[in-house]
Amino acid sequence: MVKRTLYFGNPAYLSTHLEQLVVRLPEVEKNETLPDGFKQEAQAKIPIEDIGVVILDHQQIIITQALMAKLLANNTAFITCDNTHHPSGLMLNLSGHTLQATRFKDQLGASQPLLKQLWQQTIKAKIKNQALLLGRQSIESGNMHKWAKDVLSGDPDNLEARAAAYYWKNIFPEVPGFRRERGGIPPNNLLNYAYAIIRAIVARSLVGSGLLPTLGIHHHNKYNHYCLADDIMEPYRPFADAQVLELIRNGEDYSTLTPSVKKQLLMLPSVDAIIKGERSPLQIAVQRTTASLAKCFEGTDKKILYPELPS
């Protein structure tokens, strides 16, 4: 089952009652001319068990501690946004799996050769998906497919960077002078937002698989609490790129994060992904990826199940 992604971009009171998330709107609650029956009917209720990600994007949202506790117990990922509407924080459950202590031990005990092999698989999958997305646009991608095959354990030749340079130079021909930079010109703003959504999905799933999102297989920034999530999301980034590309091709105004743009990017958890020939929503594919990663750390498998971008 695909968990729902909820986005709140207006003032709201968020609380809980009978295992439901209850949404009340201040302008309705404070309107003394409205009858209580109308106010009661105006409340929205969503079963907590159906929720996977919650995005809070307004300075006047009030949320109760009881609701936060229930959402975290359900392994829901919280994303908070700053006053520029960009994601600035991510909160996750601390105990998402019954075998967490064992999984942490396996992860901490992973050998350097294993970590290098896992990074090799990750970069191969990422470059292949980038190549598939270029191919969709009839852009030459033979070199990308070759680089994907040539990635060695640990990627000592840094083919990830070589592929990225070619990929970003060609993926948005409609945007003259585009460079992939966090603070760069649009559609960098859309990419930042889409990557934050994928990062939350991956981090949530890592916790659900009993893994520690902080301890990466390649990323090791001491200030980054989600190094492993940043590793595992690499092959999923082209799915976000594809969504942004579609927005641009459809003539959407991508200069700012409009409600329309956000609504379309929030569809990312349900876009199609293919693993071993089986098509499923991206959110389900991520769960298969993190479960397979746990088996690699455990020593019962050697291959991470990464998705392929549909043609």
Side-chain angles (χ1 to χ4, degrees), residues 1-5 48-54 69-79 90-111 114-126 129 195-220 224-237 239-240 268-271 273-276 278-308:
M1 173 184 174
V2 179
K3 299 285 186 178
R4 296 176 64 177
T5 299
I48 288 175
E49 64 178 357
D50 293 349
I51 303 170
V53 179
V54 171
K70 285 186 179 180
L71 288 170
L72 289 173
N74 184 56
N75 197 23
T76 299
F78 278 116
I79 298 177
L90 172 62
M91 187 186 300
L92 293 166
N93 188 358
L94 285 175
S95 54
H97 196 280
T98 54
L99 299 178
Q100 184 168 281
T102 301
R103 292 284 169 87
F104 279 12
K105 185 178 178 182
D106 292 339
Q107 186 180 352
L108 288 166
S111 65
L114 173 61
L115 296 178
K116 287 184 177 181
Q117 290 164 20
L118 295 176
W119 185 240
Q120 176 190 26
Q121 294 176 34
T122 300
I123 296 308
K124 277 179 174 283
K126 177 185 180 180
N129 279 338
Y195 292 158
I197 295 170
I198 289 185
R199 191 189 201 205
I201 295 169
V202 171
R204 173 184 177 276
S205 193
L206 287 170
V207 171
S209 294
L211 299 174
L212 184 62
T214 305
L215 191 64
I217 58 177
H218 180 78
H219 289 89
H220 294 97
N224 184 359
H225 296 167
Y226 298 102
C227 288
L228 185 59
D230 290 344
D231 288 330
I232 301 306
M233 70 178 283
E234 293 290 357
Y236 285 92
R237 289 180 184 269
F239 289 81
L268 267 169
S270 59
V271 302
I274 298 174
I275 292 182
K276 299 181 75 172
E278 297 180 12
R279 188 179 292 258
S280 68
L282 180 142
Q283 188 179 85
I284 303 299
V286 171
Q287 292 171 11
R288 294 185 67 185
T289 296
T290 59
S292 67
L293 176 63
K295 289 182 179 179
C296 292
F297 285 136
E298 187 181 61
T300 57
D301 210 337
K302 294 182 179 180
K303 190 171 177 57
I304 311 177
L305 294 179
Y306 276 127
E308 185 174 295

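Predicted model, so just to flag it, every value in this text is computed and none were measured.
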One pair to check against side-chain contact (heavy atoms from CB on, under 4.5 Å): N93 and F78. What are the steps and the verdict? CA-CA 10 Å; N93 188 358; F78 278 116; over 6 Å; no
Pair I201, V53 - check side-chain contact (heavy atoms from CB on, under 4.5 Å), show working. CA-CA 7 Å; I201 295 169; V53 179; 4.3 Å; yes
Determine whether L118 and F297 satisfy the following criterion, side-chain contact (heavy atoms from CB on, under 4.5 Å), listing intermediate values before the conclusion. CA-CA 10 Å; L118 295 176; F297 285 136; 3.9 Å; yes
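One distance of note links OG of S111 with NZ of K116; it measures 10.0 Å at 0.5 Å rounding. With rounding to the nearest 0.5 angstrom, the CD atom of E278 is 8.5 Å from the CD1 atom of I275. Expressed to the nearest 0.5 Å, how far CD of Q117 lies from CD of Q121 amounts to 7.5 Å. Between atom OH of residue Y236 and atom CG of residue L282 there is a gap of 6.0 Å, rounded to the nearest 0.5 Å. Rounding to the nearest 0.5 angstrom, the gap separating the NZ atom in K70 from the CD1 atom in I51 is 11.0 Å. Note that the NZ atom of K105 and the CG atom of L99 stand 13.0 Å from one another [nearest 0.5 Å].
With sequence neighbours left out, the side chain to side chain donor-acceptor pair (under 3.5 Å) criterion links Q100 to no other residue. Under the side chain to side chain donor-acceptor pair (under 3.5 Å) criterion, N129 pairs with no residue, sequence neighbours left out. Under the side chain to side chain donor-acceptor pair (under 3.5 Å) criterion, Y195 pairs with D241, sequence neighbours left out. With sequence neighbours left out, the salt bridge (charged side-chain N to carboxylate O under 4.0 Å, His left out) criterion links R103 to no other residue. For E234, the side chain to side chain donor-acceptor pair (under 3.5 Å) test picks out K126, R237, with sequence neighbours left out.
Inter-residue side-chain proximity for N75 and K3 is flagged as unmet; no heavy-atom pair is nearer than 4.5 Å. For the pair Y226 and V202, the minimum side-chain heavy-atom distance is 4.5 Å or more. By the 4.5 Å heavy-atom criterion applied to side chains, S205 and T289 are not counted as neighbours. Contact of the L228 side chain with the L215 side chain is not registered, since no non-hydrogen atoms from C-beta on lie closer than 4.5 Å.
When all heavy atoms of A273 and F239 are compared, the closest pair comes out as CB-CE2, 3.8 Å. For the pair L211 and P213, the tightest heavy-atom approach, listed with the atom from each and the gap, is O-CD, 3.3 Å. Annotation for I79 and I197: closest pair CD1-CA, 4.4 Å, computed over non-hydrogen atoms. The two residues A200 and L90 come nearest to each other via the heavy atoms CB-CD1, 3.8 Å. Between L114 and C296, the shortest heavy-atom contact is CD2-O, 3.7 Å.
In summary, of the residues considered (D230, T214, D231), a side chain to side chain donor-acceptor pair (under 3.5 Å) with H219 occurs for D231 alone. For the side chain to side chain contact (heavy atoms under 4.5 Å, CB included) criterion with L92, the lone passing option out of V207, L206, T76 is V207.
Heavy-atom neighbours of L94 CG from other residues, nucleotides or ligands within 6.0 Å: at or below the threshold of 12.
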Let me check something: any side-chain donor-acceptor pairs from residues 299-306 under 3.5 Å, sequence neighbours excluded? List them with distances.
| from | atom 1 | to | atom 2 | distance (Å) |
| --- | --- | --- | --- | --- |
| T300 | OG1 | K295 | O | 3.4 |
| T300 | OG1 | E298 | OE1 | 2.9 |
| Y306 | OH | T122 | OG1 | 2.8 |

